[in-house]
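Here the structure comes first, spelled out in structure tokens, and everything after it is commentary.
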Protein chains: 2
Amino acid sequence: MSLRHALLAALSQGEASGYELAKRFDVGVAEFWSATPQQLYRDLERLEQDGMVSARVVEQSRRPNKRVFSLTAAGREELRAFTRRPAKPPAMRDEFLVQLQAVDLTDPGAAVEAAATRRERARQKLAGYDQLRERMLAGRGETEFYAESSQVGPYLTLMAGRMYEQLNIRWATTVIETLTRRGESAPAADGE
Amino acid sequence: MSLRHALLAALSQGEASGYELAKRFDVGVAEFWSATPQQLYRDLERLEQDGMVSARVVEQSRRPNKRVFSLTAAGREELRAFTRRPAKPPAMRDEFLVQLQAVDLTDPGAAVEAAATRRERARQKLAGYDQLRERMLAGRGETEFYAESSQVGPYLTLMAGRMYEQLNIRWATTVIETLTRRGESAPAADGE
DNA sequence: AACTCCATGTAACATGTTACATGATTCG
DNA sequence: CGAATCATGTAACATGTTACATGGAGTT
């Protein structure tokens, strides 16, 4: 029961429609909680029924109307209560690591390609995060920012995302180099 | 449908019982794929029905008997096919990051504590990984190891786990310092 | 004319989590 | 004697994923 909380946390940064939240969750900011659009729509419904968020229809001229959600007092209270409870340990699901675990019984070429894909993805994510960071800092240094801003939370989670992608880049590079070097010296493990 | 593949990958390192796999998944090695014991038992059943693994009952003297699972030829083939398919992007679920995202509207004290817990956990995981690493290297240097071993896959995933926990330690430290410094200068954001 | 973007949803299905049950053995 | 460890499971429930549906506006 925790996408609900992720949604509340996202809405604590300001109101948004389901579609906008879907983009945030699918693409970028929320590197730490993944969800598909369908989940969002479903859980927003439920949050509304539970009185945690309220929806307001915004009519648009040459676009479909949208329902913009914002936190209610109850929602804010629930979010506060959540932040005081101990957090569950993080859970990861990484198919590429599963594939790599079994690399010794396959063609390492596929793994090298997959690592390159991973690295490229990480670079793009990192670039996105860096832009966001510039916008948040708005010309100030980190120390100034910490003193002035009321957005320390989002900044710290953004830093987590940045560090994570930097790690991905470094690590993927190691994987590529290691497997490539092996492929050269040993003539590849063909068959069993 | 991918815990199945994680199980196949785990079994590619040698046969194991459900209970043993549960420990690997719950505690340590498989930092990159989390699962509860119940899931494992259920999916092992299914894998057996599908002919991907075969079970062998091992009678034990002063312990309950156990069913030890190993890959069948079909299972190994399925695993190979899986490693050749493009991997889905990784998915993370991290409650602490959700809490931190909303830190600006709560007491930062709870977040500092949570960060300290996270750091402690990361240290313990890292220590476990380091031990495992020593055992894998068995006195050899990395270069030697890469040249000799048929366990490059597990080693590389282990490295990913190590780097990830090192990141956690560094990042949690930043969070603690930042929030503590803020708590000193500003007299804490009480109420709204 | 075909395609992408905005915007929201339903329904069916697959996975993951929690609570509970069992029963012997070893450790303090 | 109570707790932890080994070892496996069932059942109920909560979440997450996939496929499909709709429909106007702008873009190539």
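All values below come from the heavy atoms of this structure, side chains included, with hydrogens, waters and symmetry mates left out.
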Could you tell me which residues satisfy side-chain contact (heavy atoms from CB on, under 4.5 Å) with A:Val152, sequence neighbours excluded, listed by chain and number?
A:Tyr146, A:Leu156, B:Asp104, B:Thr178, B:Leu179, B:Arg182
Using atom names, set out every protein N or O paired with an N or O of nucleotides 4-6 of chain C below 3.5 Å, distance rounded to 0.1 Å.
unit_1 : atom_1 : unit_2  : atom_2 : d
C:dC6  : OP2    : A:Tyr19 : OH     : 2.9

Could you pull out all residues at least two apart from B:Arg56 that satisfy salt bridge (Lys or Arg N to Asp or Glu O under 4.0 Å)?
B:Glu15
Using the rule that Ile, Leu, Val, Met, Phe, Trp and Tyr join whenever any side-chain heavy atoms are under 4.5 Å apart, tell me whether A:Val68 and A:Leu8 fall into a single cluster.
no
Interatomic distance where CD belongs to A:Glu59 and P belongs to D:dG24 [whole Å]:
17 Å
I'd like a list of close polar pairs between nucleotides 16-19 of chain C and the protein, N/O only, cut-off under 3.5 Å.
unit_1 : atom_1 : unit_2  : atom_2 : d
C:dG16 : OP1    : A:Arg93 : NH1    : 3.3
C:dG16 : OP2    : B:Gln39 : NE2    : 2.6
C:dG16 : O5'    : B:Gln39 : NE2    : 3.0
C:dG16 : N7     : B:Arg42 : NH2    : 2.5
C:dG16 : O6     : B:Arg42 : NH1    : 3.4
C:dT17 : OP2    : B:Gln39 : OE1    : 3.1

Rounded distance (Å) that lies between atom P of C:dG9 and atom CG of A:Leu21
13 Å
Please identify each residue that fulfils salt bridge (Lys or Arg N to Asp or Glu O under 4.0 Å) with A:Glu45, with sequence neighbours left out.
A:Arg67
For B:Lys66 and B:Glu20, run salt bridge (Lys or Arg N to Asp or Glu O under 4.0 Å): C-alpha distance rounded to whole Å, both residues' side-chain angles, the deciding distance at 0.1 Å, then the answer.
CA-CA 10 Å; B:Lys66 58 181 176 180; B:Glu20 286 155 4; 3.0 Å; yes
For A:Ala160, give me all partners under side-chain contact (heavy atoms from CB on, under 4.5 Å), at least two apart in sequence or on another chain.
B:Leu97, B:Trp171
Under the rule for side-chain contact (heavy atoms from CB on, under 4.5 Å), what residues qualify as partners of A:Arg133, not counting sequence neighbours?
A:Leu137, A:Glu142, A:Tyr155, A:Leu158, A:Met159, A:Arg162
By salt bridge (Lys or Arg N to Asp or Glu O under 4.0 Å), which residues pair with A:Glu144, not counting sequence neighbours?
none
When the distance from CD of A:Glu45 to P of C:dA11 is rounded to whole Å, what number comes out?
13 Å
Estimated bend of the helix from C:dA1-D:dT28 to C:dG28-D:dC1 (axis per five terminal pairs, rounded to 10 degrees)
40°
Enumerate the ring-ring contact (aromatic ring centres under 6.0 Å, His included) contacts for residues 36-90 of chain B, please, sequence neighbours excluded, ordered by first and then second residue.
B:His5-B:Phe82
Remaining members of A:Met92's ILVMFWY cluster at a side-chain heavy-atom cut-off under 4.5 Å?
A:Tyr164, B:Met92, B:Tyr164
For A:Arg170, give me all partners under salt bridge (Lys or Arg N to Asp or Glu O under 4.0 Å), at least two apart in sequence or on another chain.
none
A:Arg46 CZ to D:dA14 C1', in whole Å, measures 8 Å
State whether B:Tyr41 places a side-chain N or O below 4.0 Å from either non-bridging phosphate oxygen (OP1 or OP2) of D:dT8.
yes
Nearest whole angstrom, please: distance from the C1' of D:dT22 to the CG of A:Asn65.
15 Å
